[in-house]
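Reviewing the structure listed below.
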Amino acid sequence: MTERIVIVGAGVAGATAAKTLRSSGYDGEVVLLSAERSLPYRRPMVSKELLAGTAVERRTLLEIAEFWPERGIELRTGVTVESIDADRAVVRMLYGGEIGYDALLLATGARPRALPGVRHGLPVLRGRDDIEALRRAIDGGSLLIAGAGLIGCEVAATAAKLGARVTVLHAGVTPLDRIAPPIIGEYIRKLHADNGVDIHGEVLLAEVEQIGNAVRATSTDGREWRAGAALVAIGAVADTAVAETAGVKVDDGILVDEAYRTSVPGIFAAGDAAARFDSGLNAYVREEHWNSAQAQGAAAAQSMLGLPPTPAGVCWGWSTQYGITVQFAGRIRLDDDLEVWGTPGTPDITVRAMRDGCLRGVVSVGRPAEFRAVRDELAAQS
Ligand SMILES: Cc1cc2nc3c(=O)[nH]c(=O)nc-3n(C[C@H](O)[C@H](O)[C@H](O)COP(=O)(O)OP(=O)(O)OC[C@H]3O[C@@H](n4cnc5c(N)ncnc54)[C@H](O)[C@@H]3O)c2cc1C
């Protein structure tokens, strides 16, 4: 019988798993361990309202403090798991102590990718604890951002609103190129330019150095940019450190089957940390979006209880910059055939990506009802 379930990581995947265990009728112990000091919160707000300083605290939290004890969920914040002894079925804490488990969920999320070739650690943004230093660094000054993905673009928009002069350097041709085709990326570049932010594409950074109170970035073709501070936002890598101590198989993420089981019996994984086997694609797929992490946390909890997990569904997410929301679902490739509805270059456009006669993905700006309809169409065919 499963008497104690331990969850490592209280992001949306871990927290949703804990809630789902209770809502599914599980009455054993649930221990939810979080390295962060905050109560479980809405990470997408970090680069938006929390960095801007406009967030209402209650709205940042997944649940109020009382929720967890009332549900019989033992939430321990500021506690880092150092390793797992899978033979003895215990997790060991960084500052001593261990907890036994009957089943274990790894929901350790992801951490920012480091910029190759840079000698000194540069600021990154992943959680609440990173905000204050970044806000101090950009306060009224200038900021260089490496990366024009979701986080780079969102921080650029927030920092510009806070009065900073912002420059974004991007290896790809257009911003948001992992989720949006160039026709949308060009609009995003224009949106930033209209707000005083320059996004330079096709910049391969050779070095970013701290020189006195300034930062100097040099590209491989010899161009140079200077600013008061820099932020590295070039994507994230799955946090597999603890999983590896248990001997769990990892590649680009903790490898799990369609029921979120890792290669070690009794250990499951979900969220940004996990790469789940997709039998349709015959490949492991790792998502990095809020809704996927939430859905995976719920499905993994059901699987831990021996219930059939709900199917993964369509991967989708959103990004908000200067009050404009970009929504995306499915997977778009550069060689897809695009169907454009609305007006290119404006916040009123939907792009449907077709491949081999099938709908593969959608990106939409300012057309939420249409986005939902196309996302449902994608879900219906998966
Ligand atoms: C700044 C930012 C903005 C974002 N904006 C959007 C958005 O607008 N839309 C969208 O769809 N997605 C967005 N995302 C992505 C989304 O937030 C993530 O996909 C989601 O939060 C992943 O949830 P998770 O629970 O898998 O991992 P996480 O939220 O990363 O949580 C993992 C937790 O595990 C903890 N942990 C790790 N190792 C240990 C350990 N050894 N011991 C104890 N605890 C541990 C970590 O400290 C962390 O608290 C954003 C992400 C960031 C960083």
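Everything quoted here is computed from the prediction, not taken from an experiment.
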**Asked** Would you say Arg37 has more than 12 foreign heavy atoms packed within less than 6.0 Å of its CZ?
**Response** no
**Item:** Neighbour count above 12 (heavy atom, 6.0 Å) for Asn213 CG
**Value:** no
**Request:** Kindly work out whether a path of hydrophobic side-chain contacts (I/L/V/M/F/W/Y, heavy atoms less than 4.5 Å apart) joins Val79 to Ile73.
**Result:** no
**Asked** Take atom CZ in Arg59; do more than 12 heavy atoms of anything else shown fall under 6.0 Å from it?
**Response** no
**Item:** Exercise: identify the closest heavy-atom pair between Ser142 and Ala227
**Value:** OG-CA, 3.4 Å
**Prompt:** Is there a donor-acceptor pair closer than 3.5 Å between any side-chain N or O of Arg375 and the backbone N or O of Ala329?
**Reply:** no
**Request:** State, to 0.1 Å, how close Trp68 and Ala15 come at their nearest heavy-atom pair, and which atoms those are.
**Result:** CH2-CB, 3.8 Å
**Request:** Determine yes or no for a side-chain-to-main-chain donor-acceptor pair under 3.5 angstrom, with Arg226 supplying the side chain and Ala214 the backbone.
**Result:** no
**Request:** Tell me, yes or no, whether the heavy-atom count around Glu132 atom CD, taken from other residues, nucleotides or ligands under 6.0 Å, exceeds 12.
**Result:** no
**Asked** Do Ile151 and Leu176 share a hydrophobic cluster (ILVMFWY, side-chain heavy atoms under 4.5 Å, transitive)?
**Response** yes
**Asked** So do the side chains of Arg92 and Ile84 get within less than 4.5 Å of each other, counting heavy atoms only?
**Response** no
**Complete:** Minimal heavy-atom distance between Ala148 and Cys153, with the atoms involved, is O-SG, 3.5 Å
**Prompt:** Would you find more than 12 non-hydrogen atoms of other residues, nucleotides or ligands less than 6.0 Å from Leu334 atom CG?
**Reply:** no
**Request:** Kindly give the heavy-atom pair with the smallest separation between Ser263 and Gly247, and that separation in Å.
**Result:** OG-O, 4.2 Å
**Asked** Partners of Glu49 by side-chain contact (heavy atoms from CB on, under 4.5 Å), sequence neighbours excluded?
**Response** Met45, Thr54, Ala55
**Message:** When you compare the side chain of Leu144 with that of Val208, does any pair of heavy atoms fall below 4.5 Å?
**Reply:** no
**Message:** For the backbone of Ser83 and the side chain of Thr245, can you confirm whether one donor and one acceptor N or O come within less than 3.5 Å of each other?
**Reply:** no
**Prompt:** Are any side-chain N or O atoms of Asp102 and backbone N or O atoms of Arg4, one a donor and one an acceptor, separated by less than 3.5 Å?
**Reply:** yes
**Message:** Tell me if a side-chain donor or acceptor on Ser219 pairs with a main-chain N or O of Val203 at a distance below 3.5 Å.
**Reply:** no
**Asked** Between atom OH of Tyr322 and atom CD1 of Ile188, what is the distance when rounded to the nearest 0.5 Å?
**Response** 9.5 Å
**Message:** Does atom CG (Asp194) have a neighbourhood of more than 12 heavy atoms from anything else shown, all under 6.0 Å?
**Reply:** yes
**Item:** Whether Phe371 and Trp316 hold their rings parallel, tilted or perpendicular, with breakpoints at 30° and 60°
**Value:** tilted
**Message:** Does Arg216 have more than 12 heavy atoms from other residues, nucleotides or ligands lying within 6.0 Å of its CZ?
**Reply:** yes
**Closest non-hydrogen atom pair, Arg126 against Ala236** = NH1-CB, 4.3 Å
**Request:** Identify the heavy atoms of Tyr41 and Gly127 that sit nearest to each other, and give their distance.
**Result:** OH-CA, 3.2 Å
**Request:** Step by step, work out the side-chain contact (heavy atoms from CB on, under 4.5 Å) result for Val362 and Glu370.
**Result:** CA-CA 10 Å; Val362 57; Glu370 188 173 83; over 6 Å; no
**Prompt:** Does the Thr325 side chain pair with the main chain of Thr320, one donor and one acceptor, at a distance under 3.5 Å?
**Reply:** no
**Message:** Would you say that Glu70 contacts Glu63 through its side chain, given a criterion of any heavy-atom pair below 4.5 Å between the two side chains?
**Reply:** no
**Message:** Taking the side chain as everything from C-beta on, heavy atoms only, tell me whether Arg276 gets closer than 4.5 Å to Glu258.
**Reply:** yes
**Fill in**
CD (Glu186) and CD1 (Ile199) are apart, to the nearest 0.5 Å, by 9.5 Å
**Prompt:** Is any side-chain N of the basic residue among Glu288 and Arg43 closer than 4.0 Å to the acidic one's carboxylate O?
**Reply:** no
**Message:** side-chain contact (heavy atoms from CB on, under 4.5 Å) for Glu339 and Met354? Distances and angles first, verdict last.
**Reply:** CA-CA 8 Å; Glu339 288 175 5; Met354 310 292 294; 3.7 Å; yes
**Message:** Which label fits His200 and Trp225: parallel for a plane angle under 30°, tilted from 30 to 60°, or perpendicular past 60°?
**Reply:** tilted
**Prompt:** So how far is it from Leu169 CG to Ile234 CD1, rounded to the nearest 0.5 Å?
**Reply:** 12.0 Å
**Message:** A quick test of your reading: do over 12 heavy atoms of other residues, nucleotides or ligands sit less than 6.0 Å from CZ of Arg178?
**Reply:** no
**Non-hydrogen side-chain atoms of Glu154 and Leu51 separated by less than 4.5 Å** = no
**Asked** Hey, is Arg367 close enough to Asp348 for a salt bridge, meaning N to O under 4.0 Å?
**Response** yes
**Message:** Would a single hydrophobic cluster contain both Leu162 and Val197, if residues Ile, Leu, Val, Met, Phe, Trp and Tyr are joined by side-chain heavy-atom contacts under 4.5 Å?
**Reply:** yes
**Request:** Determine, step by step, whether Glu202 and Arg223 satisfy the salt bridge (charged side-chain N to carboxylate O under 4.0 Å, His left out) criterion, reporting the C-alpha distance in whole Å, the side-chain angles of both residues, the deciding distance to 0.1 Å, and the verdict.
**Result:** CA-CA 12 Å; Glu202 298 179 272; Arg223 283 176 289 167; over 6 Å; no
**Request:** With side-chain contact (heavy atoms from CB on, under 4.5 Å) as the test, would you mind laying out the steps for Ile267 and Ile254 before giving the verdict?
**Result:** CA-CA 11 Å; Ile267 305 184; Ile254 305 169; over 6 Å; no
**Message:** Could you walk me through whether Val248 and Thr240 satisfy the side-chain contact (heavy atoms from CB on, under 4.5 Å) test, starting with their C-alpha distance in whole Å, then the side-chain angles of each, then the deciding distance to 0.1 Å, before giving a yes or no?
**Reply:** CA-CA 9 Å; Val248 161; Thr240 59; over 6 Å; no
**Request:** Spell out, yes or no, whether Leu307 and Ile5 are grouped together once hydrophobic residues are joined by side-chain heavy atoms under 4.5 Å, including indirect joins.
**Result:** yes
**Item:** Nearest-0.5 Å distance that lies between atom OG1 in Thr218 and atom CD in Glu224
**Value:** 5.0 Å
**Asked** Between Asp257 and Arg261, is the closest basic N to carboxylate O distance under 4.0 Å?
**Response** yes
**Asked** Would you say Glu377's side chain and Leu359's backbone share a donor-acceptor pair under 3.5 angstrom?
**Response** no
**Asked** Can you hop from Leu105 to Leu32 via hydrophobic side chains spaced under 4.5 Å?
**Response** yes
**Asked** Can you find a pair of side-chain heavy atoms, one from Ser47 and one from Leu125, that are under 4.5 Å apart?
**Response** yes
**Request:** Please examine the side chains of Asp272 and Arg286, heavy atoms only from C-beta on, and report whether any two atoms are closer than 4.5 Å.
**Result:** yes
**Fill in**
So CD of Glu287 and OG of Ser292: to nearest 0.5 Å the spacing works out to 4.5 Å
**Item:** Backbone N/O of Val264 and side chain of Thr262: donor-acceptor pair under 3.5 Å
**Value:** yes
**Message:** Under a plain distance cut-off of 3.5 Å, with no hydrogens placed, do Ser319 and Gln321 share a side-chain donor-acceptor pair?
**Reply:** yes
**Prompt:** How long is the gap from CD1 on Ile184 to CZ on Phe328, to the nearest 0.5 Å?
**Reply:** 12.0 Å
**Message:** Quick check against the 3.5 Å criterion: does Asp356 have a side-chain atom that pairs as donor or acceptor with the backbone of Cys358?
**Reply:** no
**Asked** Is a side-chain donor or acceptor of Asp85 paired with a backbone partner of Asp87 at a separation under 3.5 angstrom?
**Response** yes
**Prompt:** Does any non-hydrogen side-chain atom of Tyr284 lie less than 4.5 Å from one of Asp252?
**Reply:** no
